[in-house]
Number of protein chains: 2
Amino acid sequence: MKPTPPAIHNAFDILEAFQDGQREFTAQEFHKKLNISLSTQYRVLHALEDRGYLRRDTQTGRYRLGFKFLQVGNLALEQEEIVETSRGILQDMCDETKETIQLGILEGVEVLYIKTIESPLPLRYVLQPGFRTPSYCVAAGKAILAYESEDKISRVIRAGLRRFTKKTICTTTALKRELADVRRGGYAVNWGEMRKSGRGVYAPVFDYSGRVAAAVGLSVPPERFTHKRLPSLAEVVRRCAEEISSRLGAVPLKTSATTGENEAASLAEAPIRSKQRGGSNRKPEKSGRKNDTSG
Amino acid sequence: MKPTPPAIHNAFDILEAFQDGQREFTAQEFHKKLNISLSTQYRVLHALEDRGYLRRDTQTGRYRLGFKFLQVGNLALEQEEIVETSRGILQDMCDETKETIQLGILEGVEVLYIKTIESPLPLRYVLQPGFRTPSYCVAAGKAILAYESEDKISRVIRAGLRRFTKKTICTTTALKRELADVRRGGYAVNWGEMRKSGRGVYAPVFDYSGRVAAAVGLSVPPERFTHKRLPSLAEVVRRCAEEISSRLGAVPLKTSATTGENEAASLAEAPIRSKQRGGSNRKPEKSGRKNDTSG
DNA sequence: CAATAAATTCCCATATTTAGAAATTTCATG
DNA sequence: CATGAAATTTCTAAATATGGGAATTTATTG
């Protein structure tokens with residue numbers, strides 16, 4: 001197949017070991033956790049330390065994540081044009097609503113939050129950038145899925161609609177109905193489908209090709225997320241999402257008419273890197289392939 | 001005498017290639033830039049792509065930084081207790097001053113900004129987290145250096161006091177005088193020493209051991225940085241820095257009395273790693289022993 | 001649509017890394 | 001300050017990655 005250098009995997013295994021919350025490791029702890037042979041592991045540790053990806057606590061001598069990651073990680077963010085494009089708008093949204101603004105994308109079957117502006121209010125709901133959630137049970141995810149290809153949606157469904165709260169949407173039909181609702185309104189709402197106290201309104205962001213690229217919106221603690229307030233929040237979110245879309249070169253689309261579903265469906269499955277990309281003069285046609293296999 | 005696996009360096013060389021601003025690379029571009037043998041390079045690229053550190057643009061097929069970096073990079077941030085400890089305080093500072101709040105640490109001879117809360121005002125001065133500046137010519141740097149060991153300070157001086165603007169402090173004596181001033185007042189000010197339009201007030205943050213751990217403060221566009229306003233800003237900054245320090249377990253210290261110099265001097269010898277930066281450096285082979293000139 | 005150029009993968013002898021244990025150093029404890 | 005335990009480095013045969021070119025695939029052009 002394709003053998004990849006084990007040293008690389010060792011390196012990232014070590015770095016990713018921090019993902020379950022532990023913030024300091026001794027060499028022995030790495031060893032126990034990862035089963036890398038000790039001599040090899042020490043070589044890797046030294047390499048990572050030299051490069052600034054690991055550092056040793058001055059006091060304890062234990063390993064911690066280095067700041068080099070912050071540097072490169074932030075690069076990844078800056079280089080994402082959608083983040084740069086929306087920077088000012090997100091801040092404006094926050095100023096206007098005083099709520100936490102977040103920008104999320106669909107990665108795999110999950111939502112990955114890539115940008116956060118925290119609410120200035122003391123009580124706030126925040127997911128740190130880099131955080132992932134299931135897509136089918138958060139507003140950002142539903143906002144994206146509503147305009148994604150059938151293929152992506154069924155992949156999400158196949159991955160399982162696990163129940164988190166009693167509000168969680170757990171059946172295919174309910175989810176499809178919900179997504180249709182989202183398309184009708186142009187935004188998605190979450191009344192605690194993943195966490196009892198999680199609330200949010202998100203709207204989809206489209207790029208120049210008409211595909212849904214992200215979802216932008218706000219996460220609000222239940223205390224401030226009332227039925228009365230929702231319409232105005234939703235309006236802000238929708239307006240800002242459209243503004244970002246247009247800056248990305250998207251043509252404004254009417255909320256319920258053009259579903260976006262078909263365009264997206266045409267370039268559904270994409271694990272093969274040999275996609276027909278040559279068509280710079282050939283824009284993705286809306287092939288009439290409306291296989292509504294739902295129901 | 002410690003050979004580190006080249007595969008690891010290849011991997012990070014590739015990832016760090018993005019540091020000079022280019023956000024898409026073809027395999028050939030990596031090859032030209034890094035001189036890694038093609039077959040090896042492809043193996044590395046595949047490994048990085050598999051792990052999510054690189055991804056290929058759907059359109060162009062070119063390589064871009066993946067979001068995995070965001071995840072792990074943010075981990076590094078969350079796991080830095082000073083960031084967590086100060087989270088609320090920084091937000092409060094921002095609410096109170098409406099200016100950009102930043103938290104910086106000294107890494108090597110440079111200041112590394114690790115946390116930023118952007119001003120809500122349209123005109124604002126922001127350094128993205130992960131950004132580095134020289135330490136001797138920014139407020140954050142001076143706030144830290146003022147309480148650092150002689151050893152650290154002379155290392156900064158040896159690294160060179162380059163002139164950026166006509167305000168830049170470029171001589172040893174001037175710098176030492178400035179740092180003494182900082183110690184007297186408990187905060188540092190920058191009136192454009194690095195960039196003509198850069199202004200800031202920063203105060204040092206100390207940890208439980210009494211060492212200076214960071215600097216916190218605000219970066220302000222010149223239009224809003226008046227002599228009249230400075231005292232109140234400085235007061236906010238000092239108060240918040242002290243609050244963070246005390247949360248870190250520091251004993252409150254009088255502004256001019258304890259220098260912190262001696263405590264810090266005792267553990268002067270620190271890993272010298274700021275040799276390599278800016279990405280395009282091939283790893284310099286580490287010599288077996290360090291020239292200890294500290295005595 | 002064919003021909004050409006470029007990009008990517010495959011192949012294999014050679015050099016390097018790896019794993020495991022032993023030797024050494026560092027740290028904790030009486 | 002000596003002793004024992006743990007952590008880290010060193011050492012070597014064996015396994016594996018590496019690099020360079022050839023073969024293949026993919027893009028570009030007339």
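Naming: A, B, ... by sequence-line order, numbering from 1 per chain.
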Nearest listed nucleotide, side chain of [X], among [options]:
X     : options               : answer
A:P6  : D:dA17, D:dT8, C:dT8  : D:dA17
A:P5  : C:dA7, D:dT18, C:dT18 : D:dT18
A:A7  : D:dT8, C:dT18, D:dG19 : C:dT18
A:Y42 : D:dG19, C:dT8, D:dA7  : D:dA7

Please check the phosphate of [N] (OP1 and OP2 only) for any side-chain N or O of [X] closer than 4.0 Å.
X     : N      : answer
B:Q41 : D:dT18 : no
B:H46 : C:dT9  : yes
A:R43 : C:dT18 : yes
B:T40 : D:dG19 : yes

Find the distance [X]:[atom1] to [N]:[atom2] and express it as a whole number of Å.
X     : N      : atom1 : atom2 : answer
A:N35 : C:dT18 : CG    : P     : 16 Å
B:L38 : D:dT24 : CG    : C1'   : 15 Å
B:F25 : C:dA7  : CZ    : P     : 15 Å
B:N10 : D:dG19 : CG    : P     : 7 Å
B:F30 : C:dA7  : CZ    : P     : 14 Å
B:Q28 : C:dA5  : CD    : C1'   : 12 Å
A:R62 : D:dA7  : CZ    : P     : 11 Å
B:I36 : D:dG20 : CD1   : P     : 13 Å

Any side-chain donor near an acceptor of the partner, A:D207 and A:S209, under 3.5 Å: yes
A:Y147 side chain near A:R183 side chain, heavy-atom distance below 4.5 Å: yes
Min side-chain heavy-atom separation B:N10-B:Q41 under 4.5 Å: no
Atom pair CD/CD1 of B:E242 and B:I89 - distance to nearest 0.5 Å: 11.5 Å
Heavy-atom pair of closest approach, residues B:A7 and A:P5: CB-CB, 3.8 Å
Base C:dG20 to side chain A:S39, donor-acceptor N/O within 3.5 Å cut-off: yes
